[in-house]
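Beneath this line is the structure, given in structure tokens, with notes to follow.
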Protein chains: 2
Amino acid sequence: MKLTEAKQQFISSWGAFGTHWGINRTMAQIHALLLISPDPLTQDDIMEELNISRGNTNMNIRELINWGLVERVLLSGERKEYFTAEKDIWKVVKQIVKERKKRELEPMLQLLDKLEEVEGDKRDKHVKTFVDTVSGIKKLGKQADKTLDVMIRAEETWFVGNLLKMFK
Amino acid sequence: MKLTEAKQQFISSWGAFGTHWGINRTMAQIHALLLISPDPLTQDDIMEELNISRGNTNMNIRELINWGLVERVLLSGERKEYFTAEKDIWKVVKQIVKERKKRELEPMLQLLDKLEEVEGDKRDKHVKTFVDTVSGIKKLGKQADKTLDVMIRAEETWFVGNLLKMFK
DNA sequence: CCGAATTTTCAAAATTTATTGAAAGTATAT
DNA sequence: ATATACTTTCAATAAATTTTGAAAATTCGG
């Protein structure tokens, strides 16, 4: 397979993959393109490579910057902004985990805390099932939260080594 | 907070949560409703509770069954089908992990295997960056794959205990 | 086998989400 | 200060996804 074709496949399937994870296609594709680009790219490079409009490109680059996955780079003597993606995949994964934990897991846990305190007689099976379900989710969610905290601080070598050993 | 209100909040935020994870709102809401229902429900119960159409209800129940999260239940002497959700959250999580691994991670790893074999001179930095990126993702993906395999087989008590100890 | 109850399908409609592109905004060099 | 290069915004449009509901198919008791 030629590089050009391989690149296209990578970008397109990274985009499709993203849509299963609540990330929009374009954002994932821009990320993919930057991941495999040895040098920083301009907005125009990205627009041209992916055939997308200026506005769309701009919005999604900014979103990637918000997620901490892409950085602005200023090349000396150049007026244009360049963009580059973190290439260390372990760092990328940790960053995504960190953001999603903050955006999704933590608010969910807060809600569950409130819902667990529902009024009513526990002998009513509707109340009991509700409280048990909420508690069960909360318990697992809190464990996940702690585990992810440590993971975010971990080094890849340490993480992979230990995790595998543990699971033998 | 009253049970009725708590239920509604739970269902609606479970639905919103689902949409961040590539699951459609209705599917997640039906799942939420069944999770907190002590007894199995019919399609009509679900339609009424969530105010959704028959077709929509039917489609999403079947999808939940495909995911292994909901089961058909036949009550003796009843013609209608009843549905119930697995209540053990750890089992639910394992089931979701299992399915997503099969549907998403495994195909991605297969693709990466192919893409890693791209033709071209490694001294070309475009080729090098591409191959390095693909290899990096593949390596981490394969580790995740193995780790999830063990997790899928693990018991919650064992899992939570060990994981926490390990991360201290 | 018939007919009523129930489930499933699927084309059309509604809704949600993503994309465009032109206009407005900003920064920089001279 | 002005012109120019570049970035951002956002209302309109397009595309993708979800939902509906009526018709078709299936199931099951008698």
(message) In whole Å, I'd like the distance from the CG atom of A:Asn24 to the C1' atom of D:dA15.
(response) 13 Å
(request) Please list, in 5' to 3' order, the outermost nucleotides of DNA chain C lying under 4.0 Å from any heavy atom of chain A. (result) C:dA18 to C:dT28
(request) Taking side-chain contact (heavy atoms from CB on, under 4.5 Å) as the test, write out the residues that go with B:Glu71, two or more places apart. (result) B:Thr84
(request) Can you sort out which residues in residues 26-38 of chain A have a heavy atom within less than 4.0 Å of DNA chain D? Ascending by number, please. (result) none
Check: protein-nucleotides 7-11 of chain D nitrogen or oxygen pairs below 3.5 Å:
{"residue": "D:dT7", "atom": "OP1", "partner": "A:Glu81", "partner atom": "N", "Å": "3.0"}
{"residue": "D:dT8", "atom": "OP2", "partner": "A:Asn58", "partner atom": "ND2", "Å": "2.7"}
{"residue": "D:dT9", "atom": "OP2", "partner": "A:Arg62", "partner atom": "NH1", "Å": "3.0"}
{"residue": "D:dT9", "atom": "OP2", "partner": "A:Arg62", "partner atom": "NH2", "Å": "3.2"}

(message) Testing the basics here: between B:Ile61 and B:Ile46, what is the closest heavy-atom pair and its distance to 0.1 Å?
(response) CD1-CD1, 3.8 Å
(message) Let me confirm one number: the CD1-NZ distance from A:Ile36 to A:Lys87, rounded to the nearest 0.5 Å.
(response) 9.5 Å
(request) Sequence neighbours left out, what passes side chain to side chain donor-acceptor pair (under 3.5 Å) with A:Glu48? Give chain and number order. (result) none
(message) Taking the axis from the first five pairs and the axis from the last five, what angle separates them in the helix from C:dC1-D:dG30 to C:dT30-D:dA1, rounded to 10 degrees?
(response) 20°
(request) Using the test side chain to side chain donor-acceptor pair (under 3.5 Å), find all partners of B:Asn51 that sit at least two apart in sequence or belong to another chain. (result) none
(request) Can you sort out the partners of A:Glu116 under side chain to side chain donor-acceptor pair (under 3.5 Å), two or more places apart, ordered by chain and number? (result) A:Ser135, A:Lys138
(request) Using whole Å, report how far CG of B:Asn60 lies from P of D:dT17. (result) 15 Å
(request) If you link ILVMFWY side chains whenever their heavy atoms are less than 4.5 Å apart, which other residues fall into the same cluster as B:Tyr82? By chain and number, please. (result) B:Val73, B:Leu75
(request) Measure the distance from CE on B:Met47 to C1' on D:dT18 and round it to the nearest whole Å. (result) 16 Å
(request) Would you kindly give the CZ-to-P distance between A:Arg25 and D:dA15, to the nearest whole Å? (result) 13 Å
Output a table of donor-acceptor pairs, distance under 3.5 Å, between side-chain atoms of residues 6-17 of chain A and any protein atom two or more places apart or on a different chain; print 'none' if there are none.
{"residue": "A:Ser13", "atom": "OG", "partner": "A:Gln9", "partner atom": "O", "Å": "2.8"}

(request) Indicate whether any N or O donor in one side chain lies under 3.5 Å from an N or O acceptor in the other, for A:Thr42 and A:Asp45. (result) yes
(message) Applying a strict under-4.5 Å side-chain criterion to I, L, V, M, F, W and Y, I'd like to know whether B:Val70 and B:Met47 cluster together.
(response) no
(message) According to side chain to side chain donor-acceptor pair (under 3.5 Å), does anything in residues 23-33 of chain A pair up with another residue at least two apart or in another chain? List the pairs.
(response) A:Asn24-A:Asn60
(message) Just to verify, what does B:Arg153 make a salt bridge (Lys or Arg N to Asp or Glu O under 4.0 Å) with, not counting sequence neighbours?
(response) none
(message) What I want to check is whether the side chains of A:Asn58 and A:Arg62 have a donor and an acceptor closer together than 3.5 Å.
(response) yes
